[in-house]
Amino acid sequence: MTKAEKIALAARLLEVPADRLEHCCAPVPGLPALYFSIPEKGGGSLIIGDDGGVLYADSSVGYSRHLEAYRQGIRTPLEENV
């Protein structure tokens with residue numbers, strides 16, 4: 001997936017405008033993925049890989065725990081609403 005495709009997917013899943021996510025994402029060091037985080041109370045986070053795999057985490061899950069779960073291969077089924 002391209003960065004633009006990941007942003008579009010994140011916008012759909014997090015239900016926020018894509019232009020807002022341009023400034024709320026960063027590459028994941030050592031992985032072909034982008035990390036998205038909504039910087040507000042209750043905002044969710046996503047890791048989206050180049051292969052389209054997604055892992056959602058709510059605001060109670062810290063970045064380290066979220067990243068470790070992604071590295072372990074845990075993914076959120078896209079059929080689920082995150």
Side-chain angles (χ1 to χ4, degrees):
M1 291 183 95
T2 66
K3 180 179 180 178
E5 290 170 327
K6 290 175 196 168
I7 290 171
L9 177 58
R12 181 174 62 84
L13 295 173
L14 295 172
E15 299 178 341
V16 298
D19 61 341
R20 182 174 174 205
L21 290 175
E22 291 276 348
H23 309 288
C24 298
C25 69
V28 177
L31 292 175
L34 281 179
Y35 175 74
F36 296 87
S37 183
I38 304 301
E40 59 189 42
K41 186 175 182 173
S45 298
L46 292 172
I47 297 175
I48 301 178
D50 284 357
D51 64 356
V54 174
L55 181 59
Y56 172 80
D58 65 29
S59 61
S60 70
V61 178
Y63 175 75
S64 296
R65 205 167 99 201
H66 190 181
L67 180 57
E68 183 57 32
Y70 185 86
R71 284 191 170 141
Q72 291 176 2
I74 298 170
R75 300 295 184 268
T76 302
L78 290 180
E79 299 80 44
E80 290 184 18
N81 289 330
V82 294

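Everything quoted here is computed from the prediction, not taken from an experiment.
Note that CZ of F36 and CD of E22 are 8.5 Å apart. Values are rounded to the nearest 0.5 Å. Interatomic distance, D50 CG to T2 OG1, rounded to the nearest 0.5 Å: 9.0 Å. Annotation: the span from K6 atom NZ to C25 atom SG amounts to 9.5 Å, rounded to 0.5 Å. Once rounded to the nearest 0.5 Å, the distance linking CG of L14 with CG of L46 reads 4.0 Å. One distance of note links NE2 of H66 with CD1 of I74; it measures 10.0 Å at 0.5 Å rounding. Here CG of L21 is found 13.0 Å from CZ of R12. Values are rounded to the nearest 0.5 Å.
The hydrophobic clustering, which links ILVMFWY residues whose side-chain heavy atoms are closer than 4.5 Å, places V54 and M1 together. Y70 and V28 fall within the same hydrophobic cluster, defined by Ile, Leu, Val, Met, Phe, Trp and Tyr side-chain heavy atoms under 4.5 Å apart, directly or through other members. The hydrophobic cluster containing V16 also contains I48, counting ILVMFWY residues as joined when their side-chain heavy atoms lie under 4.5 angstrom apart, directly or transitively.
In this structure, P29 and Y63 approach most closely via the heavy-atom pair CD-OH, 3.8 Å. Across every non-hydrogen atom of T76 and Y56, the tightest pair is OG1-N, 2.9 Å. Between G52 and L78 the shortest heavy-atom distance is O-CD1, 4.4 Å. The shortest non-hydrogen separation linking I7 to A18 is CG2-O, 3.6 Å.
When the shell of 6.0 Å around CD of E15 is examined, it contains 12 or fewer heavy atoms from other residues, nucleotides or ligands.
Using a 4.5 Å heavy-atom threshold, the side chains of R20 and I38 count as touching.
For S64, the side-chain contact (heavy atoms from CB on, under 4.5 Å) criterion is met by no residue, not counting sequence neighbours. For A8, there are no side-chain contact (heavy atoms from CB on, under 4.5 Å) partners, not counting sequence neighbours.
A side-chain hydrogen bond (donor to acceptor under 3.5 Å, both in side chains) check over residues 28-37, counting only residues at least two apart or in different chains, returns the pairs Y35-S45, S37-S45.
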